[in-house]
Amino acid sequence: MKRKLLAASSVACLMLCGAAFAADLTVGFSQIGSESGWRAAETTVTQQQAKERGIDLKFADAQQKQENQIKAVRGFIAQGVDAILIAPVVATGWDEVLTEAKDAEIPVILLDRQIDAPEDLYLTAVTSDQVYEGKVAGEWLVKEIGDQACKVVELQGTTGSSPAINRKKGFEEAIAAKSNITIARSQTGDFTRTKGKEVMESFIKAENGGKDICAVYAHNDDMAVGAIQAIKEAGLKPGTDIKVVSIDAVPDIFLAMAEGEANATVELTPNMAGPAFDVLEKFKADGTVPPKWIQTESKLFTQADDPKGVYESKKDLGY
Ligand code: GYE
């Protein structure tokens, strides 16, 4: 009788324990901070995704500092979590702490930014192709401007972060063959509205009150929104006197587009955690090793794409 019960319970376990195991995962998430609307949405979506899957998510906000991220990751290792998600603020300086996670046999998944480290130090990275995003933005401008002479000012993302490095590179590649388009000024606005506005004000001052600027390329929408404000305060028309192209596709940029004040954006999904948890659950259940890079889509939106409608469809999605 006892034996039968045991046999029956192990069959039941075979069927259910896998699912229960996946449902019992504890995952640490080292988030960068909340510098942008996109970042806030990513945090919300990650929390929603964890909840839906019964994952216990330990959240740590690094307030833009890599040292805080390293501390958080060490904390997660000490707690013995089942996996760690990191949105790495900068690309370098990760080898040591990732080796510690590897030694503790805790898989690490990178979210939304890439790093310069040996690939065996993390399970996978869920990101967009950031060089491509820059290219899409640059190609849009090339088409828009034609053969007109065009001085561009660039608002870079956080210095040393993979999106800042790659979005710059992609844009430069797209305009390389066009001698009429030049990047006159380029500076970091740290992915925030406030700094985007500040830096744009200084660009405007330096470029004949903004009259010499033909377009602003911002590495994210938040900086573009800040720049739009600066352009208006200088008495110029954003979207017309100065074209505005950026990346992320957050709801607010669609409002600006609907007003004719922004011209184009490249969409970045805030749902990096969904694909990350999918592969993590498989990895934990049967050892399936995911590809090193899970690439999310990048789609161009312009004023022709019903910005008001897109705004309505996006505004409740955790932004
Ligand atoms: O585009 C920006 C941000 O890491 C790709 O980080 C991400 C970027 C995103 O805060 O808004």
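Remember, it's 1-based here, ligands and their atoms both numbered in the order they're listed.
- In this structure a side-chain-to-backbone donor-acceptor pair under 3.5 Å is present from Gln69 to Ala87.
- The protein residues lying under 4.0 angstrom from ligand 1, judged by non-hydrogen atoms, are Glu35, Ser36, Trp38, Arg39, Asp112, Arg113, Gln130, Pro163, Arg167, Phe191, Asn220, Asp248, Leu268.
- For the pair Gln130 (side chain) and Asp112 (backbone), a donor-acceptor distance under 3.5 Å is present.
- Although no hydrogens or angles enter the test, the distance criterion places a donor-acceptor pair under 3.5 Å between the side chain of Asp305 and the main chain of Thr302.
- Residues Phe301 and Phe254 bring their aromatic ring centres within 6.0 Å.
- A salt bridge between Arg167 and Glu133 is present, with a side-chain N of the basic residue lying under 4.0 Å from a carboxylate O of the acidic one.
- The residues Glu172 and Lys168 are annotated as salt-bridged, a charged nitrogen and a carboxylate oxygen being separated by less than 4.0 angstrom.
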